[in-house]
Amino acid sequence: MNIQFLGAAQTVTGSCYMLEANGTRFAIDCGMHQGNSEIEKRNVDTDIYRPGDIAFFLVTHAHIDHTGLLPRMTREGFKGDIYCTPPTRDLMDIMLQDSAHIQEMEAEWETRKQSRFGRRKPVEPLYTMADAQNAVRRLRPVEYNAPFEPAPGIRVTYKDAGHILGSAFLEIEVTENGTPTRLVFSGDLGRPNQLIVNDPDHPARPDYLFMESTYGDRDHKDSENSRAELAQAIAYSHGHGEKVIIPAFAVERTQQVLYTLHMLWQEGKLPADMPVYIDSPLAIRATEIFRKHPRFYDDNLKAAYARGEDPLSLPNLRYTLSSQESQALNGMKGSAVIISASGMCNAGRIKHHLRHNLWRQGASIVFVGYQGVGTPGRKIVDGAQTLRLFNEDVAVNAKVFTIGGFSAHAGQSHLLDWVGAFQHKDMEVFLVHGEEKAQTTLSEKLHDRYGLTVHVPTYMEEVTLKPGRTMLTAPDESRAHPRVDWEFLLGDTEAKVAMLRQRLAGVETRPWVEQVDIRDRVADLNREILSLLSQV
């Protein structure tokens, strides 16, 4: 049996693990890569997936970093089934079509931009709405704890991962030459006592565990402290007449924040004159899907509804569907809470809200989820003094709150306890879906506490699993991690500056209007270099 790591290997996006066993080629998840330019190029470089040769996909949950490339797979020739739970099926329906709309709009915008430079060839979107609809038609819902065989000799059981509504980890038993091998793929694991969803289930003892490690180096604050911190942010900005901006993923995180705001309203800590806006059409539709699947709620949420409460609603809750309504929020006077996507601030309406509020003293920016390396959200969390938004450097004067207790991911101690419930001396662990620091820390903890053999695969690395032997094959580094030629890049920059100086010889003899125009463009270059210098 061979497994190749085509994403979420020493990163936290692009989850995809390609398996070949019993003559069948199939994959766990197929997420979109997010991050720097080289990482995002992986979304286009899909020939390594060989979509036409994939028999089926097993999807752990609906988040785009686990599902966002499925329409690309159908576009490139995939014709099999995509298995998932019923809530995941409904959430993927809206999320993939929303993603496709974004791809089409970005391609259209880039085409117009290129046209202004005289380039006529239209930019192709990563995938289209038709591709997303084709992927949705291939979704096959399966229930928790109901084993099935998508191919001969491959037995799959979905179990509750407690991450978001409908999320699952997978128990896979592969029988080759009469010998069964048991694998567990964790997907994204939730933490105990999380709002809305049940605690993660436990698997039977596997031979190999492929486990996420997002928070492998730290734990979260508890939910009580997190609620208190959110109340502080609200009180701070309400007192200054400014807004609370909450970047949040449309699925699960927005609903958790709503639930928490409902509790603050019950406690009298959400001012009656402070409206709450969900400024994300996707989050609005996702909330309605949550209402469709009450049997997947945890006992506390079921009990709240039984008492006649609606924890996903508020007296002062407002929805903004259109872009015009969203833009109006930035001209609105007074305090408000605005929940908008994307959660890492790298796309969507949240970027406009940051542009209008990040520089305001008295405003609050509240991060309630993981911020990936290279994203605008991570830069703010790491203490950036300015943030580049729409070709402007915006000062960070707002008060920044990082509230870990809203995370839908298990913290370090939760991961260790989860493994402890089923670990055994012969089990091997592969850490995925994490950054290198978190994975190194968790790897040491797993080895020290349980004596386990732990591997940390890299992007495109392959592993061959045989009884009593695990063989790792290094990837083609030139393709997996293209080398940056700094000598050439900096030399080229220096040459262009020298050429600019030469071209500007005698510039003072040109018309004054022309001189000012050139001066402004050189000043823009200087600001770009200054911004870069502040980051390196």
Within the side chain of Ser186, is there an N or O that forms a donor-acceptor pair under 3.5 Å with the backbone of Glu212? yes
Asp188 and Ala161 have their tightest heavy-atom pair at O-CB, 3.6 Å
Determine the minimum heavy-atom distance between Ala336 and Met332, stating which atoms define it. CB-CE, 3.7 Å
Go through the steps to decide whether His352 and Asn330 satisfy the test side chain to side chain donor-acceptor pair (under 3.5 Å), and finish with yes or no. CA-CA 8 Å; His352 295 274; Asn330 290 314; 5.9 Å; no
Hey, is Arg483 close enough to Glu477 for a salt bridge, meaning N to O under 4.0 Å? no
Phe390 atom CZ, over 12 foreign heavy atoms within 6.0 Å: yes
Could you tell me whether Lys379 and Asp382 have a side-chain N and a carboxylate O separated by less than 4.0 Å? no
Is the backbone N or O of Gln371 less than 3.5 Å from a side-chain atom of Thr375, with the two atoms forming a donor-acceptor pair by type? no
Using the ring pair (Phe, Tyr, Trp, His ring centres under 6.0 Å) definition, which of the options Tyr83, Phe26, Phe78 pairs with Phe57? Phe78
Test your reading of the model: is there a side-chain donor-acceptor pair from Ser226 to the backbone of Gly405, 3.5 Å cut-off? yes
Apply side chain to side chain contact (heavy atoms under 4.5 Å, CB included) to Arg75 and list each qualifying residue two or more places apart in sequence or on a separate chain. Arg72, Glu124, Tyr127, Thr128, Asp131
Taking side chain as C-beta onward, heavy atoms only, is Phe56 less than 4.5 Å from Thr24? yes
Strictly under 6.0 Å, is that where the ring centroids of His409 and His414 end up? no
Nearest 0.5 angstrom please: Asn43 CG to Gln34 CD, how far? 8.0 Å
Is there a side-chain contact between Arg285 and Asp98 in this structure, where contact means two heavy atoms from C-beta onward sitting under 4.5 Å apart? yes
Could you label the plane-to-plane angle of the His163 and His63 rings as parallel, tilted or perpendicular, counting under 30° as parallel and over 60° as perpendicular? perpendicular
How are the rings of Trp418 and Phe169 set relative to one another: parallel (under 30°), tilted (30 to 60°) or perpendicular (over 60°)? perpendicular
Taking atom CD of Glu514 as the centre, report whether more than 12 heavy atoms of other residues, nucleotides or ligands fall under 6.0 Å from it. yes
Val337 vs Tyr277, side-chain contact (heavy atoms from CB on, under 4.5 Å): CA-CA, chis, key distance, verdict: CA-CA 6 Å; Val337 177; Tyr277 292 91; over 6 Å; no
Could you tell me whether a side-chain N or O of Ser340 sits under 3.5 Å from a main-chain N or O of Asp279, the two making a donor and an acceptor? yes
Electrostatic pair Arg50:Glu76 at N-O distance under 4.0 angstrom: no
Would you confirm whether Glu461, through its side chain, and Thr458, through its main-chain N or O, come within 3.5 Å as a donor-acceptor pair? yes
With the side chain counted from C-beta on, respond yes when Asp524 and Arg527 share a heavy-atom pair under 4.5 Å apart, and no when they do not. yes
Arg479 side chain near Ile48 side chain, heavy-atom distance below 4.5 Å: yes
Hey, could you give me the CE/CE distance between Met92 and Met95, rounded to the nearest 0.5 Å? 9.0 Å
Hey, could you give me the CG/CD1 distance between Leu321 and Ile278, rounded to the nearest 0.5 Å? 10.5 Å
Mark yes when over 12 heavy atoms from residues, nucleotides or ligands other than His455 sit less than 6.0 Å from its NE2; otherwise mark no. yes
Are the side chains of Leu354 and Cys345 in contact, using a 4.5 Å heavy-atom criterion? yes
Before giving the answer on side chain to side chain donor-acceptor pair (under 3.5 Å), spell out for Ser213 and Gln439 the whole-Å C-alpha distance, their side-chain angles and the decisive distance to 0.1 Å. CA-CA 6 Å; Ser213 50; Gln439 292 181 320; 3.3 Å; yes
Side chain to side chain donor-acceptor pair (under 3.5 Å) evaluation trace for Ser364 with Ser237: CA-CA 6 Å; Ser364 296; Ser237 290; 2.7 Å; yes
Looking only at the side chains, is there a donor atom on one of Glu528 and Ser531 sitting less than 3.5 Å from an acceptor on the other? no
Using a 3.5 Å distance criterion without hydrogens, assess whether the side chain of Thr88 forms a donor-acceptor pair with backbone atoms of His61. no
About how many Å separate CZ of Arg42 and OG1 of Thr11, when rounded to the nearest 0.5 Å? 6.0 Å
Presence of salt bridge, Lys496 and Asp492, under 4.0 angstrom: yes
Scanning both residues in full, the closest heavy-atom pair of Leu431 with Ser443 reads CD1-N, 3.7 Å
Intermediate values then yes/no, side-chain contact (heavy atoms from CB on, under 4.5 Å), Gln10 and Val456: CA-CA 8 Å; Gln10 298 185 13; Val456 182; 3.8 Å; yes
Any side-chain heavy atom of Leu170 sitting closer than 4.5 Å to one from Thr60? yes
I'd like to know if the side chain of Ser413 pairs up with that of Asp219 as donor and acceptor (distance under 3.5 Å, no hydrogens or angles considered). yes
In Å and rounded to the nearest 0.5 Å, what is the CD to CZ distance from Gln255 to Phe249? 12.5 Å
Applying side-chain contact (heavy atoms from CB on, under 4.5 Å) to Glu108 and Val123, what does each step give before you reach the verdict? CA-CA 7 Å; Glu108 182 181 329; Val123 175; over 6 Å; no
Has Met471 got more than 12 heavy atoms of other residues, nucleotides or ligands less than 6.0 Å from its CE? yes
Flag, side chain of Arg191 to backbone of Ser407, donor-acceptor distance under 3.5 Å: yes
What are the two closest heavy atoms between His220 and Ala410, and how far apart are they? NE2-C, 3.9 Å
Flag the pair Glu435 and Arg378 as a salt bridge only when some basic side-chain nitrogen lies within less than 4.0 angstrom of an acidic carboxylate oxygen. yes
Inspect the surroundings of CD in Glu38 and state if more than 12 heavy atoms from other residues, nucleotides or ligands are less than 6.0 Å away. yes
Using a 6.0 Å cut-off, check whether atom CD of Gln385 has over 12 heavy atoms from anything other than its own residue. no
Hey, does the Lys NZ or Arg CZ of Arg253 hover above the aromatic six-ring of Phe406, less than 6.0 Å from the centre and inside 45° of the axis? no
Does a side-chain heavy-atom distance below 4.5 Å link Met32 with Asp65? no
Please verify the inter-ring angle class for Tyr370 with Tyr215; under 30° counts as parallel, over 60° as perpendicular, anything in between as tilted. perpendicular
Test side-chain contact (heavy atoms from CB on, under 4.5 Å) on Leu452 and Met427; report intermediate values, then the result. CA-CA 7 Å; Leu452 296 172; Met427 183 178 79; 3.9 Å; yes
Please assess His33 against Thr13 for the test side chain to side chain donor-acceptor pair (under 3.5 Å), listing each intermediate value before the final yes or no. CA-CA 5 Å; His33 300 273; Thr13 66; 4.8 Å; no
Between Gln361 and Glu242, a side-chain donor and acceptor under 3.5 Å: no
Within a strict 4.5 Å, meaning less than it, do heavy atoms of the Thr440 and Asp217 side chains meet? no
Distance-minimising heavy-atom pair for Gly216 and Thr441: O-CG2, 3.9 Å
Short question: side chain of Asp29, backbone of Ser15 - any donor-acceptor pair under 3.5 Å? no
